[in-house]
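This one's a predicted model, so the numbers in the text were calculated from it and none came from an experiment.
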Amino acid sequence: MTPRIRSALLLLAVLAFALLARFAPLGETSDAAPDGLIDSGVSLGVLLVGAWLAGRLFSTFGLPKITGYIALGVLVGPSVLAIVGKEQIPHLRLVNDLAIAVIALTAGGEIKLDFLKRNARSLLLLSLGHALVVGVVVGVFLYFFQSPLGVAQVEGIGAKIAIAAIVAAIATSGSPAVVVAVISEAKAHNRFSQTALASVVCLDLVVIILFALAMALAAGPLGPYLEGAAPDRPALWLYLLHHIGGSMLAGGAIGLLLAWYTHAVRAHMAIFVVFSCLAIALISEQLGLEPLIVALVAGMLMQNAWPESSESLFETVEELSLPVYAAFFSLAAVKIDLQLLATLWVAALGLVALRGLSVYAGVTTAARFTALTPREGRWIWTGFFSQAGVTLALAAVVQRTFEGAPFANTLYNVILAMIAIEELIGPVLFRLGLRRGGAEDAVAHAPSDEPLVEGAPSAPPTPD
């Protein structure tokens, strides 16, 4: 029996068992338990085991395992088999936050300060090139085609500009989680992969600022829609100071704690990593911080200040990566509403295509002003295509802020549909980019410590 057939049969067995447990439960459950709480444990097990098997199955076809995780999430979600129901999703939120912290910690461990210092200008060019082109193109498109796309229905030029600016800011975001997961699966650790990861991380920091600016500027034109919705927001500078500055400070403090433990204790690392990431998720939620930034700063501090003592910690994080990625991406896909996607597929597909072309144009143009080889420059854009957690979080902020407005739910649903399409396409694209860009070749082909700044020596282009 081939590995493909074996994986497919095992996956079918898991789904059959889950359906039996879901719709023909054995025994009685407590009436005092909230709806979905009892079944959420079974759902998590299905997501973990099922996603692992689906990833193995998809890998036999030469596809990224992440695509299998996402496909499994759609299959078991409310839109298809309903093994994981909508009432269970809130109970799995902590699992999602824990996964974000682990992924961000991994990303921080991949970023080295000497690489950032040497290549700061190039990384900034790639991020800004992406943000500028995508933001302008999507913003202009949304301004003129809001009504035909059914994205929003507001009156007044100022209100339409505000809606377009908000969507444009959200459209510029990327997905460090997808980049980290594909790099880890491909075991690609050199200049191309480091550049893609560092650029997308820088991009998300830029996006948070752009989104805060767009929301602040939209408060005037969209003021009538704020009545009875969200409380008055703090001043922009105070928001940025708290959201970004506070997250960086918290990340630094947690990084010091991690460094002390790995130096003084060095025991039960797996348990310590899990509880540390759980603490990051809980603290970030309670204090209104960004867990992605908190864990990212902690990982960067560990990697660059205490590289030797942190080696065991990052080895443990890598060992935990498989169940973390399986849970994170399959759970994200559970939220995809296929009925909604069928309703909004024209608008979502149009925006995905427009954004994809803008990403390609912006990033490849910016790459010409760096020392990336022509081959690397042609494929680096694939790391910017995917959108996931940060994008969804920003869309949720818009929905909460303008709750009750005629455009709030429509905007949220269109963005969710965009994410659904990009999550299925993005990992495949970036895996192709890693192969064509040379990141899966020998490390000697493109050493990670090679300067990327313009004018510095670089590896000679390799033929396609």
Asks: Taking Phe385's backbone N and O only, do any of them form a donor-acceptor pair with Arg355's side chain (distance below 3.5 Å, no angle check)?
Replies: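 Such a contact is found between Arg355 side chain and Phe385 backbone.
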Asks: Verify, without hydrogens or angle tests, whether Asn304 (side chain) and Ile111 (backbone) share a donor-acceptor contact under 3.5 angstrom.
Replies: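 Yes, Asn304 side chain to Ile111 backbone: donor-acceptor pair under 3.5 Å.
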Asks: Does Glu185 reach the main-chain N or O of Lys65 with its side chain, forming a donor-acceptor pair under 3.5 Å?
Replies: yes
Asks: With a 3.5 Å distance limit and no angle check, can you tell me whether Ser310 reaches the backbone of Leu313 through a side-chain donor-acceptor pair?
Replies: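 No: the side chain of Ser310 does not pair with the backbone of Leu313.
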Asks: Out of Leu72, Val178, Val334, which one pairs with Phe329 under the side-chain contact (heavy atoms from CB on, under 4.5 Å) rule?
Replies: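 Testing Phe329 for a side-chain contact (heavy atoms from CB on, under 4.5 Å) against Leu72, Val178, Val334 leaves exactly one candidate, Val178.
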Asks: Kindly say whether Glu423 contributes a backbone atom to a donor-acceptor pair with the side chain of Ser386 at under 3.5 angstrom?
Replies: no
Asks: Could you tell me which residues satisfy salt bridge (charged side-chain N to carboxylate O under 4.0 Å, His left out) with Glu311, sequence neighbours excluded, listed by chain and number?
Replies: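 Once residues adjacent in sequence are excluded, Glu311 has no partner under the salt bridge (charged side-chain N to carboxylate O under 4.0 Å, His left out) criterion.
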Asks: I'd like to know if the side chain of Tyr261 reaches the main chain of Ala267, judged simply by a donor and an acceptor atom lying under 3.5 Å from each other, with no hydrogens or angles considered.
Replies: yes
Asks: For the residue pair His130 and Ile380, establish whether any side-chain heavy-atom pair is separated by less than 4.5 Å.
Replies: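 No, their side chains stay 4.5 Å or more apart.
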Asks: Taking Ser173 for the side chain and Ala169 for the main chain, is one N or O donor matched with an acceptor at less than 3.5 Å?
Replies: no
Asks: Are the side chain of Arg4 and the backbone N or O of Thr60 linked by a donor-acceptor pair below 3.5 Å?
Replies: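 It does hold such a pair.
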Asks: Please check: side-chain N/O of Thr370 versus main-chain N/O of Ala367, any donor-acceptor pairing under 3.5 Å?
Replies: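 The answer is yes, because a donor-acceptor pair under 3.5 Å joins these two groups.
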Asks: Kindly write out the residues that satisfy side chain to side chain donor-acceptor pair (under 3.5 Å) with Gln303, not counting sequence neighbours, or none if the list is empty.
Replies: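 If we apply the side chain to side chain donor-acceptor pair (under 3.5 Å) test to Gln303, skipping adjacent residues, there are no hits.
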Asks: Looking only at atom types and distance, does a side-chain atom of Ser122 sit under 3.5 Å from a main-chain N or O of Asn119, one as donor and one as acceptor?
Replies: no
Asks: Can Arg56 be said to sit on top of Trp52's aromatic six-ring, NZ or CZ under 6.0 Å from centre and within 45° of the ring axis?
Replies: yes
